[in-house]
Amino acid sequence: ICSPAGAGKTTLALQLVEETVRAQSEQADGPPCVGIFVSMEMSKQELLTRSYSRIGLLNSGSIEGKEIAEDEEGAAKLKAAMQLYRDQYAPVLYFVEAPPGMTYRTVGDITRKIKAQIARAAGVDPFVILCVDPFNGLKTEDAAINSDETARVGEVVGGLKKLARDLDISVIVLSDTTKEATKEIEAGGKGRQTAPRGSYEITHRTDLLAEIIIREQLTKSSHAGEAHKTEERKRAEKYYADLEADYPRKSFGYSTVPVYAFLSFSKNRSGGVSVCPFVWQKACSRFVPIGKEQLGLDVGTAKDWRAHWHLAY
């Protein structure tokens, strides 16, 4: 998963891992399930704050550690969110605060140990999701390879893919985009498959690339008149108008206005395969899927969507 800095990679990955392992763990006839989140930059408490914010529908900026000051209603919601987290999420999620210089082999050793412990206790292999945020911070055990970023990225990506294959687990890696790709996206472009840092090695070794593209507003045509707009521009404007009509980006009552986020999937070597739209409710640390396809509904309306995601308006 890649995007420019600040576009929500960590938030999306955390929500994806936590909600997947929680949902899988509720299946009575399925294997045990666990998520392992290796953080190269954020502390466990910072990640937990995002989780509490999402679960309790709380503005993450108002949470200080485990408290919300001078807000009785908010404090009660935070307490309830923390209890729900302890009951449903904490038993199936491991946070690893990575020290400087951590190697991908160490990540593998930790993952093997956790998987083996759960397998011994349950008598069956667990379903495991490993997430590394961002993977570019991992090192190899060879100083010469570490001195060349392209070589290091290739070694780390290859090692993590081998780990996924050997342990039969899912691995998600996060990466910033290159400066050139970031400028293109910010200028209204669609982004491209070579966007991540170390892009050649990532796109040719990973099975699926997902790029987060933020659309705060539709980029207006440089031409004033309708007659001067291209057919592609007309289709884009209609798409956004329909999206806004069905899934409006109201403020949700928090301090930041939600934006549209698009997760653009590409297969290595073969290009784009699908695009999933979201509303990114940044203040509340969550990505809200939009469209009946993502909700798993044969039929669906904006009313159904709002009810499902606890949206009041």
Side-chain angles (χ1 to χ4, degrees), residues 1 8-69 71 73-99 102 106-134 167 169-174 281-289 308-310:
I1 300 176
K9 291 185 299 296
T10 299
T11 298
L12 176 67
L14 187 61
Q15 180 176 344
L16 172 64
V17 172
E18 288 184 341
E19 294 302 333
T20 299
V21 296
R22 180 194 59 77
Q24 289 289 332
S25 296
E26 292 178 349
Q27 303 298 317
D29 57 347
C33 182
V34 65
I36 304 171
F37 201 99
V38 178
S39 178
M40 307 294 297
E41 297 176 343
M42 289 189 179
S43 68
K44 178 180 178 179
Q45 187 58 55
E46 288 176 299
L47 295 171
L48 284 174
T49 295
R50 296 191 180 199
S51 300
Y52 299 155
S53 170
R54 184 185 75 250
I55 295 169
L57 296 182
L58 295 161
N59 188 339
S60 57
S62 66
I63 302 175
E64 293 289 343
K66 297 181 179 181
E67 297 180 349
I68 293 181
D71 182 354
E73 181 181 355
K77 291 175 67 177
L78 176 58
K79 183 178 180 180
M82 291 170 62
Q83 184 62 55
L84 182 63
Y85 189 92
R86 284 192 292 268
D87 292 343
Q88 296 188 9
Y89 297 85
V92 291
L93 188 69
Y94 290 79
F95 285 113
V96 178
E97 293 184 25
M102 188 177 194
T106 302
V107 172
D109 292 341
I110 292 171
T111 304
R112 288 186 179 89
K113 182 178 180 180
I114 292 173
K115 184 178 181 183
Q117 287 176 341
I118 297 173
R120 283 196 299 269
V124 62
D125 276 349
F127 170 74
V128 177
I129 301 178
L130 168 66
C131 182
V132 185
D133 176 24
L167 294 185
I169 65 173
S170 296
V171 177
I172 302 170
V173 296
L174 309 187
Q281 190 182 352
K282 186 175 182 180
C284 209
S285 303
R286 68 175 186 167
F287 281 78
V288 179
H308 184 84
W309 289 92
H310 307 287

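Model, not experiment: these values are computed from the prediction. Computed over heavy atoms, backbone and side chain alike; hydrogens, waters and symmetry mates excluded.
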Peer 1: Are the side chains of Leu174 and Leu12 in touch, meaning some heavy atoms are under 4.5 Å apart?
Peer 2: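 Answer no - side chains too far apart.
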Peer 1: Report yes if some heavy atom in the side chain of Leu48 is under 4.5 Å from a heavy atom in the side chain of Tyr89; otherwise report no.
Peer 2: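 Side-chain contact under 4.5 Å: no.
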Peer 1: Indicate yes or no for a side-chain donor-acceptor contact from Glu97 to the backbone of Lys44 under 3.5 Å, with no hydrogens or angles considered.
Peer 2: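 Checked: pair present.
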Peer 1: Apply the side-chain contact (heavy atoms from CB on, under 4.5 Å) test between Leu78 and each candidate in Ile55, Thr49, Leu58; give the one that qualifies.
Peer 2: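 The single option meeting the side-chain contact (heavy atoms from CB on, under 4.5 Å) with Leu78 is Leu58.
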Peer 1: Measuring only between side-chain heavy atoms, which start at C-beta, is Phe287 closer than 4.5 Å to Leu16?
Peer 2: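 Of all side-chain heavy-atom pairs linking Leu16 with Phe287, none is under 4.5 Å.
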Peer 1: Under a 4.0 Å threshold between the charged nitrogen and the carboxylate oxygen, would Lys77 count as salt-bridged to Glu73?
Peer 2: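 Salt bridge between Glu73 and Lys77, a charged N being under 4.0 Å from a carboxylate O: no.
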Peer 1: In Å, rounded to the nearest 0.5 Å, how long is the span from OH of Tyr52 to CD of Gln45?
Peer 2: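 Tyr52 OH to Gln45 CD: 6.0 Å, rounded to 0.5 Å.
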Peer 1: Drop me the distance from Ile36's CD1 to Ile169's CD1, to the nearest 0.5 angstrom.
Peer 2: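 Atom-to-atom, Ile36:CD1 and Ile169:CD1 are 6.5 Å apart.
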Peer 1: Quick one: pull up CZ in Arg50 and OG1 in Thr10 and give me the separation to the nearest 0.5 Å.
Peer 2: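 Output value for this atom pair is 5.5 Å.
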Peer 1: Any salt bridge between Arg286 and Glu19, counting N to O under 4.0 Å?
Peer 2: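 No.
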Peer 1: Compare all side-chain heavy atoms of Val124 with those of Pro32 and state whether any distance is below 4.5 angstrom.
Peer 2: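 Yes. Closest side-chain heavy atoms under 4.5 Å.
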Peer 1: Is there side-chain contact between Met102 and Ile110, with at least one heavy-atom pair below 4.5 Å?
Peer 2: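 In contact.
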Peer 1: For residues Glu18 and Phe37, determine if any side-chain heavy atom of one lies less than 4.5 Å from a side-chain heavy atom of the other.
Peer 2: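 Not touching, per the 4.5 Å side-chain cut-off.
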Peer 1: Using every non-hydrogen atom in the two residues, find where Arg22 and Gln88 come nearest and quote the distance to one decimal.
Peer 2: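 Here Arg22 and Gln88 meet closest at CD-OE1, 3.4 Å.
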Peer 1: Can you give me the closest heavy-atom contact between Ser285 and Gln15, atom names plus distance?
Peer 2: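 The answer is O-OE1, 4.4 Å.
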Peer 1: State which residue, out of Pro126, Cys33, Pro91, fulfils the side-chain contact (heavy atoms from CB on, under 4.5 Å) condition with Ser25.
Peer 2: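 Of the listed options, the one satisfying the test is Cys33.
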Peer 1: Examine distances only and state if a side-chain atom of Ser53 and a backbone atom of Cys284 form a donor-acceptor pair shorter than 3.5 Å.
Peer 2: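 Answer holds: yes.
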Peer 1: In Å and rounded to the nearest 0.5 Å, what is the CG to CG distance from Leu93 to Leu14?
Peer 2: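 Interatomic distance, Leu93 CG to Leu14 CG, rounded to 0.5 Å: 7.0 Å.
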Peer 1: Rounded to the nearest 0.5 Å, how far apart are NZ of Lys79 and CE of Met82?
Peer 2: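 If I round to the nearest 0.5 Å, the distance is 9.5 Å.
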Peer 1: Hey, are the side chains of Val128 and Tyr94 touching, using non-hydrogen atoms and a 4.5 Å cut-off?
Peer 2: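 Answer no - side chains too far apart.
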Peer 1: Taking all atoms of both residues into account, what is the closest heavy-atom pair of Lys9 and Ile1, and its distance?
Peer 2: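 Shortest heavy-atom separation between Lys9 and Ile1 comes out as CD-O, 3.8 Å.
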Peer 1: Measuring from Ile63:CD1 to Glu46:CD, what's the distance to the nearest 0.5 Å?
Peer 2: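 Going from the CD1 atom of Ile63 to the CD atom of Glu46 covers 12.5 Å.
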Peer 1: Would you name the heavy atoms of Ala98 and Met40 that are closest together and state the gap between them?
Peer 2: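 Here Ala98 and Met40 meet closest at CB-SD, 3.4 Å.
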